[in-house]
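Below is one structure; the comments refer to it alone.
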Amino acid sequence: MNRIPDAVVDMYEQLPVPFGLVRFGVAPDHPEVKKCQEKFEEVAASPRFNFVGNVNIGHDIPLKQLVPHYDAVLFSYGASYDKKLGVPGEDLEGVYSARAFVGWYNGLPEFADLNPKLDAGEEAVIIGQGNVSLDVARILLCDLGELRKTDIAEHAASALAKSRVKSVKIVGRRGPWQAAFSNKEARELFNLPGAHFAPLDESFFPGEADAKALSRPQQRLLKMFKSPAKTPAEVAAKNWTFKFLLSPTSFNASSTDPTSLSSVTFTKNAFDPPTSVFAKDASVVATPESEVLPASVAFRSVGYKSAKLPEMSDIGVPFNDRRGVIPNDGRGRVVDPDSGPGELTAMHLPGLYCAGWVKNGPTGVIATTMDDAFATADTIVQDWAQQAKFIDGDAGGWDALRDEAKRRGLRTVSWEDWKKIDGTERAKGKELGKERAKFVNKEDMLKVLDA
Ligand code: NAP
């Protein structure tokens, strides 16, 4: 908006509240990460920006009705699916996707009724070793006193207060030197008060020569693994550890209650070749051996995937279903993958752009995604300056669609409306001694506006 004079930006959001991943994905005990909302507030203050909340594009308003009212359309939605493991028992009660659990404790309406069985037993197993798995582990292990003061959903704080989970195992199919989590997040877990880290099997530690070959981040991780436990086992209320070289093969029901989880069976893996233990991109193969870990609750945390919007293909927007991304030239221009030898040189579809996880897949931290959004914005500015071809529409924008939205009976939410919801959440939070008490269903959010 700053760089294209008179440009107007309309932002459509399916929920009545903004901030997407920052509100519903970032862990409640990471308030510093949510500071990027300030940048958003700055942009939203412009009279040339419209927030159009509570409109699900592709459902409430079809894409083919929206696109002709704009010069450019930017797809910047995230990943609304999680990858499944495809093993027996995955749908048993007590087995949850990390996406659902994270959404639940963050008050995402879709998962408000998840009610995870945290009081069924003491053993939790998390499958996958990315940063999401560490978020899940921290929430299960951390001191509720501090967590209650954050914007964690009230239902989650109450359920965590009754949680019996005492032991958390974070399980990877490869080894410690291939884990996807970052050191910063691992350090937080190692430093968690009251939680004892059960030491690793020393066979994973390199000898002197191999240790020298580790990258700097790997060396810092090694130091964390080898440091004496911050909380000794005798005084710890809870304990946690990493398990490596295990791939899940089944989630097993309890013999007394066939609908509930009691354990997870894993195949033991081996490095292939055996010498690749310390290589970041090492591969593993299954061995004939297996291991069973007791679990009253288990979380699948093996990555996310973006989904195609309804009718995308009807209006000529391509989608790579396998990767869950919109084909693009790496700089945010949506391209027709069938038009050239590779995406980088394929034909740009005029006026169509993408940013974030739907452009790159579910990788990187919030700052990476912000930088990526700025890069796509730069591309749009550059194309505009060079008078590239844009959508051949009426450029009427939201003003042209407003009547259609009314005709369809949609209750849209403006930025001013959101500020009312925001104010009510903050006020309710103050009464409860926390930063904010989030509404966890759309009806309650909208009731604030109709009061
Ligand atoms: P991720 O980083 O891609 O990690 C996925 C994990 O699942 C990896 O350990 C992967 O192992 C494992 N996995 C995948 N398929 C598997 C299978 N079939 N069986 C067993 N294990 C499997 O994904 P994520 O944790 O969902 O995170 C998504 C993105 O959000 C990441 O970029 C992450 O950094 C970011 N994030 C950041 C923060 C933060 O900054 N605090 C918090 C949350 C998320 P392999 O390596 O062997 O494939």
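Only a predicted model underlies this, so the values are computations on that prediction, with no experimental measurement involved. We count ligands from 1, going down the list as the structure has it; atoms in each ligand are counted the same way.
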Return yes if a side-chain donor-acceptor contact under 3.5 Å exists between Asp29 and Thr150, otherwise no.
-> no
Residues Gln37 and Arg23: side-chain donor-acceptor under 3.5 angstrom |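 Distance-only check fails for Gln37 and Arg23.
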Report the relative orientation of the aromatic rings in Trp104 and His155; use parallel for angles under 30°, tilted for 30 to 60°, perpendicular for over 60°.
-> parallel
Between Phe197 and Trp240, what is the ring plane arrangement, given parallel below 30°, perpendicular above 60°, and tilted in between?
->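 It falls in the tilted class, 30° to 60°.
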Looking at [X], which atoms of ligand 1 are within less than 4.0 Å of one of its heavy atoms?
X      : result
Val365 : 40 (O)
Trp357 : 29 (C), 30 (O)
Ser301 : 6 (C), 7 (O)
Gly130 : 2 (O), 4 (O), 6 (C), 9 (O), 25 (O)
Thr363 : 32 (O)
Gln129 : 6 (C), 8 (C), 9 (O)

[atom] [closest protein heavy-atom partner, distance rounded to 0.1 Å]:
atom                    : result
atom 38 (C) of ligand 1 : Asn131 CB, 3.5 Å
atom 41 (N) of ligand 1 : Glu185 OE2, 3.0 Å
atom 43 (C) of ligand 1 : Asp135 OD2, 3.4 Å
atom 20 (C) of ligand 1 : Arg173 CD, 3.7 Å

Over all atoms of both residues, closest heavy-atom pair of Leu147 and Cys142 =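 So the two residues come closest at CD2-SG, 3.7 Å.
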Do His348 and Tyr353 have ring centres separated by under 6.0 Å?
->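 Yes - the distance between ring centres of His348 and Tyr353 falls below the 6.0 Å cut-off.
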Is the gap between the ring centers of Phe24 and Tyr105 under 6.0 Å?
-> no
Can you check whether a protein heavy atom sits less than 4.0 angstrom from atom 3 (O) of ligand 1?
-> no
How would you list all residue pairs meeting salt bridge (charged side-chain N to carboxylate O under 4.0 Å, His left out) that involve residues 251-270, not counting sequence neighbours?
->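 Residue pairs with at least one partner in residues 251-270: Lys268-Glu289.
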Residue part near ligand 1, for Val302, under 4.0 Å between non-hydrogen atoms =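 The answer is both, backbone and side chain.
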For ligand 1, the portion of Leu85 having any non-hydrogen atom under 4.0 Å away | side chain
Distance-only donor-acceptor hits, side chain of residues 114-124, under 3.5 Å, sequence neighbours excluded:
residue	atom	partner	partner atom	Å
Lys117	NZ	Ser260	OG	2.8
Glu123	OE1	Ser167	OG	3.3
Glu123	OE1	Lys169	NZ	3.2

Among Arg99, Gln178, Arg138, Arg174, whose heavy atom sits nearest atom 46 (O) of ligand 1?
->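 Residue with the shortest heavy-atom distance to the ligand atom: Arg174.
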